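Sharing a structure, written as C-alpha cells. Questions coming.
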There are 2 protein chains.
Amino acid sequence: MSNTKVLPLLEPEVPETVAPCCPPLTERPFTAEEAETAARMFKALGDPVRLRLFSAVASHEGGEACVCDISDVGVSQPTVSHHLKKLKEAGLLTSERRGTWVYYRVEPSVLAAMGKLLTIAPAAA
Amino acid sequence: MSNTKVLPLLEPEVPETVAPCCPPLTERPFTAEEAETAARMFKALGDPVRLRLFSAVASHEGGEACVCDISDVGVSQPTVSHHLKKLKEAGLLTSERRGTWVYYRVEPSVLAAMGKLLTIAPAAA
DNA sequence: CATCTATGTTGACATACGTCGAACCAAACG
DNA sequence: CGTTTGGTTCGACGTATGTCAACATAGATG
C-alpha cells in the first residue's frame, strides 16, 4: 500500500530535468549557477497549493495520481492545472495521459537530490 | 575547519521558529496547515540570492558569518539586507550584533526538518 | 561631538505570481 | 455526428516580490 516499491522505475525519458545540480548547502557557498538551479526547485515547492499537490501525488499509491484524485485543494480546477504545470516545468513531476485521465507521477531522483542539498555534513575529509 | 562540530549548540532561544511541522512529503497528503508552514521555508530558499546567502552562512567556518563576508552576490547592499531579513523571518537564520559587525547563523534544526520532509519513505509499517 | 564604516529601513518601481472565468481540446459514449 | 466529462490554455486582475537609491541607525574612532 505504500509507495516504497514503485521508486526504482527510473526510465531514461528526460534525465536532464533533475541533474545532480548541487552539493549540500553546508559544504561550500553556492555559485550563482547552482543557486539558480536549486532555487527553481525550492520555489516550485514554495507555494502551499503546489506543496499539497506534490505531497498528494508523492503519497498516492503507485507513486502516481490522477488529477481528479488530488484536485481537492480549495482552488479552481484551472488553478490546479496551472500549478501542476509549474511542478512539471520544475522537473518535480511528469504527466501522462491514459485514456480519459491524466496521471501525474513524482520524479523519484528529485527527492533524493533535494534531500542531499539539506544534508548537514557529508562526513567528508 | 568544517562546520560539523558547531551543530550541537541547540540553545533554547526560540524553539518555535522551526517546529516539527510536517511528516515526509511522501507519507500522506499534506493538510492545508502543514503545507502553509512548510511552503514558507521552501519559499525562503526559492530565490537564488537567498539561497546563495544561506549557503554562504551555512558553509562558513564556525557556522556563522558576518554580513561583510557573504554580501558579494551581485546585488546591492540593501537587497542583501532585505534577503537576510526574509531568511530570518522564515526561521532559517538568526542574527546577532557583536560590536561593529552583525553575524548570521543557520538554525541547525531547520536543515534536519526540511531534510526529513524530503525523505523517500520512513520505512514505517 | 564629528565623523567614518557597517547594516538596516523606507519608498518607489517594474516584474512575477496566484487566481479565476471563459474558451478550448481530447477522449468516451449515445 | 452531438454531447458529456476530464483537463488544459487564455486573458485579465489584484497582490506579492526583487531591486535600487536615499535616508536612517549603531558602534568605533578621532
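It should be emphasised that the depicted structure is a prediction, and the values quoted were computed from it without experimental measurement. The sequence lines fix the lettering, A, B, ..., with proteins before strands; numbering per chain opens at 1. Computed from heavy atoms alone, side chains included, the values below leave out hydrogens, waters and symmetry copies.
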Length of the CG-C1' vector between B:Leu45 and D:dG18, whole Å: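 In whole Å, D:dG18 C1' lies 16 Å from B:Leu45 CG.
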
Test item: A:Arg50 side-chain N/O and A:Ala44 main-chain N/O as donor-acceptor pair under 3.5 Å: yes

Sugar-phosphate, base or nothing in reach of A:Thr79, heavy atoms under 4.0 Å: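 A:Thr79: base contact, heavy atoms under 4.0 Å.
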
Side chain A:Ser95, main chain A:Tyr104, donor-acceptor under 3.5 Å: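 Pair absent, no side-chain N/O of A:Ser95 close to backbone of A:Tyr104.
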
Sugar-phosphate, base or nothing in reach of B:Thr100, heavy atoms under 4.0 Å: sugar-phosphate

Closest to the B:Lys86 side chain, choosing from D:dG6, D:dT17, D:dC20: D:dT17

From OG1 (B:Thr94) to CD (B:Glu64), nearest 0.5 Å: 8.5 Å

Distance (rounded to the nearest 0.5 Å) between B:Leu92 CG and A:Leu25 CG: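 The CG atom of B:Leu92 sits 10.0 Å away from the CG atom of A:Leu25.
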
Short side-chain N/O contact to D:dG18 OP1/OP2 from B:Arg50, under 4.0 Å: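 So the side-chain polar atoms of B:Arg50 do come within 4.0 Å of the phosphate oxygens OP1 or OP2 of D:dG18, strictly under.
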
Rounded distance (nearest 0.5 Å) linking atom CD of A:Glu61 with atom CG of A:Asp69: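 With rounding to 0.5 Å, CD (A:Glu61) is 8.0 Å from CG (A:Asp69).
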
Sugar-phosphate, base or nothing in reach of B:Tyr104, heavy atoms under 4.0 Å: sugar-phosphate

Boundaries of the DNA chain C segment in contact with chain B, non-hydrogen, under 4.0 Å: C:dA6 to C:dT9

Distance, rounded to the nearest Å, where A:Asp72 contributes CG and D:dG7 contributes P: 13 Å

Nucleotide D:dC23, atom C1' - distance to CD of B:Gln77 in whole Å: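 Rounding to the nearest Å, CD of B:Gln77 and C1' of D:dC23 are 12 Å apart.
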
Most 5' of B:Lys85 and A:Pro78 on DNA chain C, judged by nearest nucleotide: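 Here B:Lys85 is the residue nearer the 5' end.
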
B:Thr37 side chain to B:Glu33 backbone, donor-acceptor under 3.5 Å: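 Yes; judged by distance alone, with no hydrogens or angles, the pair exists.
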
Between D:dA26 (P) and B:Arg97 (CZ): distance, integer Å: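 Value for this atom pair: 8 Å.
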
Atom pair distance, as rounded to whole Å: CZ in B:Arg40 and P in D:dT17: 12 Å

Value in whole Å for how far the P atom of D:dT8 lies from CG of A:Leu53: 11 Å

Sugar-phosphate only, base, or nothing, as touched by A:Lys43 at under 4.0 Å among non-hydrogen atoms: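 Answer is sugar-phosphate: A:Lys43 comes under 4.0 Å of backbone atoms only.
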
Touch class at under 4.0 angstrom, heavy-atom based, for B:His82 against every strand present: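 Touches a base.
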
Approximate separation, where rounding is to 0.5 Å, of A:Leu93 CG and A:Arg105 CZ: 11.0 Å

d(CD, B:Glu89; P, D:dT17) in whole Å: 10 Å

Rounded distance in Å - CZ (A:Arg98) to P (D:dG6):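 About 17 Å, once rounded to whole Å.
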
